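Everything on this sheet refers to the single structure shown next.
Since we're looking at a predicted model, the values are computed, not measured.
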Amino acid sequence: MTVETDGEGAEAVSELFNRYGTGGAVVYRNPDSEDLAVKTYLPVDEERGEARRRLEEGLWHLSQLHPLSKPTLRFLAYEDWATAWRENVPVLHIGRRLVIRPPWLEYFPQSDEVVIGLKPAMAFGTGLHPTTRMCLLAVEELIQPEMRVLDLGTGSGILAITAAKLGARSVLALDIDQTAVIAARANVVANEVADRVQVERGSLEGLKSGWHLMLVNILAQTIISLLDEGLADRLAPEGKLVAAGIIEEQAKEVGRAFISQGLTISDRKRDGDWITLIGQKPIQVGNG
């Protein structure tokens, strides 16, 4: 089953497909439009009939909130599905230098390009979602050699891997989901950055200070809660916080949380309805 929609809709469709499909959701950009195509496999049998009914009901409800195409079906044996979806997954170029490469595709990079190998079966850890793309662009713009980087809510590890490949001295990637931790560790090893990227299960508890760059691609309310719990205090002087996962109507509230914690908003990125805010911690001036 395939549904085409925008970035926000694709996230919601993927949640349904991961719940009711077999093998989870696969997301790729339609080369002929700006839409994303979301795919999953549905076995044709009586036992799965209820799951399909619930999936179709869920898609109908989502269609009242997001522009969704009518679902299309293609009949395949599961063994064929396991390889057929790969036909539509391209090498993805982001920013000036970043390349996201599915592991089964060969790619010969230009001399200045940075290639990240990632399985796109992990729907929103592949650079396709607007929040991930904006974070990747921010990492490309902000990373400097010898930086200590924190990737909070790492998911697939794509941001942590990118920071390391762009020159960060060390990266700590944290996630509260053990499944994400396992996946991120595998991706770190596959991209040969395990010497600089440490992946652990956790959040703010016990986290030390002194980070030059923080990457937080989660949800607006979670970002606000983390700021209330002292996230900004962990930044080094002049350190920067990249916060994504914010829909437009939430941006002012997150911005106020930045300011209340002593951060100056140094940049604001937008991709469709999604906003990414970049805050900077000022230099602490002594009393003489």
Q) So with a 6.0 Å cut-off around CD of E192, is the heavy-atom count from everything else above 12? A) no
Q: Check whether any side-chain heavy atom of R148 sits under 4.5 Å from a side-chain heavy atom of V171, and report yes or no.
A: no
(Q) Tell me whether D177 contacts the main-chain N or O of T179 through its side chain, where contact means a donor paired with an acceptor under 3.5 Å. (A) yes
Q: Apply the test side-chain contact (heavy atoms from CB on, under 4.5 Å) to residues I278 and K269: give CA-CA distance (whole Å), side-chain angles for both, the deciding distance (0.1 Å), then the verdict.
A: CA-CA 8 Å; I278 299 175; K269 298 182 183 295; 4.1 Å; yes
Q. Under a 4.5 Å side-chain heavy-atom rule over Ile, Leu, Val, Met, Phe, Trp and Tyr, are L241 and M134 clustered together?
A. no
Q: Evaluate side chain to side chain donor-acceptor pair (under 3.5 Å) for S156 paired with N187, printing each intermediate quantity in order.
A: CA-CA 7 Å; S156 67; N187 287 328; 4.8 Å; no
Q: Without swapping roles, check the side chain of D273 against the backbone of I247 for a donor-acceptor pair under 3.5 Å.
A: no
Q) With side chains defined as the heavy atoms from C-beta onward, is the minimum distance between S203 and L226 less than 4.5 Å? A) yes
Q.
Donor-acceptor pair, distance only, cut-off 3.5 Å: does the side chain of R196 make one with the backbone of S170?
A. no
**Q.** Ionic contact status for R133 with D271, cut-off 4.0 Å
**A.** yes
Q.
Can you tell me how far apart CG (L59) and CD (Q64) are? Round to the nearest 0.5 Å.
A. 11.5 Å
**Q.** L137 to G95 - nearest heavy-atom pair and separation
**A.** CD2-CA, 3.3 Å
Q | Cluster check L166, L118: I/L/V/M/F/W/Y, side chain < 4.5 angstrom | A | yes
Q | Check ion pair E248-R270 (N to O, under 4.0 angstrom) | A | yes
Q) Is there side-chain contact between L263 and L235, with heavy atoms separated by less than 4.5 Å? A) yes
Q | For R234 against L204, the heavy-atom pair lying closest together | A | NH2-O, 3.2 Å
Q. Mind checking whether F258 and W274 sit in one hydrophobic cluster, side chains of I, L, V, M, F, W, Y counted as touching below 4.5 Å?
A. no
Q.
Between M1 and L55, is there a side-chain heavy-atom distance shorter than 4.5 Å?
A. yes
**Q.** Transitive ILVMFWY side-chain link V216 to I143, under 4.5 Å
**A.** no
Q.
I'd like to know whether CD1 of I182 has more than 12 heavy-atom contacts from other residues, nucleotides or ligands below 6.0 angstrom.
A. yes
(Q) Can a donor-acceptor pair be found, under 3.5 Å and without considering hydrogens, that links the side chain of T2 to the backbone of K39? (A) no
Q: Taking the side chain as every heavy atom from C-beta outward, state whether E113 and Y107 have any atom pair closer than 4.5 Å.
A: yes
**Q.** Q250 backbone acceptor or donor facing E253 side chain under 3.5 Å
**A.** no
Q. Do the non-hydrogen side-chain atoms of P237 and K281 ever get within less than 4.5 Å of each other?
A. no
Q. Short question: side chain of R101, backbone of L105 - any donor-acceptor pair under 3.5 Å?
A. yes
**Q.** Ionic contact status for R96 with E141, cut-off 4.0 Å
**A.** no
(Q) Give me the atom names and distance for the closest heavy-atom approach of S63 to L68. (A) N-CD1, 3.6 Å
Q: Apply side chain to side chain donor-acceptor pair (under 3.5 Å) to T154 and D151, showing your working.
A: CA-CA 6 Å; T154 192; D151 180 14; 2.6 Å; yes
Q: Might you point out which heavy atoms bring P109 and V115 nearest each other, and give the distance in Å?
A: CB-CG2, 3.7 Å
Q: Answer yes if L172 and V197 sit in the same cluster of Ile, Leu, Val, Met, Phe, Trp and Tyr residues linked by side chain heavy atoms under 4.5 Å apart, and no otherwise.
A: no
Q) So I100 and I158, side-chain contact (heavy atoms from CB on, under 4.5 Å) or not? Walk me through it. A) CA-CA 9 Å; I100 313 300; I158 184 172; 3.9 Å; yes
Q: Please confirm whether the backbone N or O of I116 pairs with a side-chain atom of N191, one donor and one acceptor, at under 3.5 Å?
A: no
Q: I would like to know whether Q144 and E146 meet side chain to side chain donor-acceptor pair (under 3.5 Å); could you show each step before the answer?
A: CA-CA 6 Å; Q144 295 180 21; E146 299 304 305; over 6 Å; no
**Q.** Residue from L136, T162, V139 passing side-chain contact (heavy atoms from CB on, under 4.5 Å) with L215
**A.** V139
Q. So do the side chains of L231 and L152 get within less than 4.5 Å of each other, counting heavy atoms only?
A. yes
Q. Do P102 and V91 have side-chain heavy atoms sitting under 4.5 Å apart?
A. yes
(Q) Return the CG to OG distance between L142 and S266, rounded to the nearest 0.5 Å. (A) 7.0 Å
Q) Do R97 side-chain atoms and D112 backbone N/O form a donor-acceptor pair below 3.5 Å? A) yes
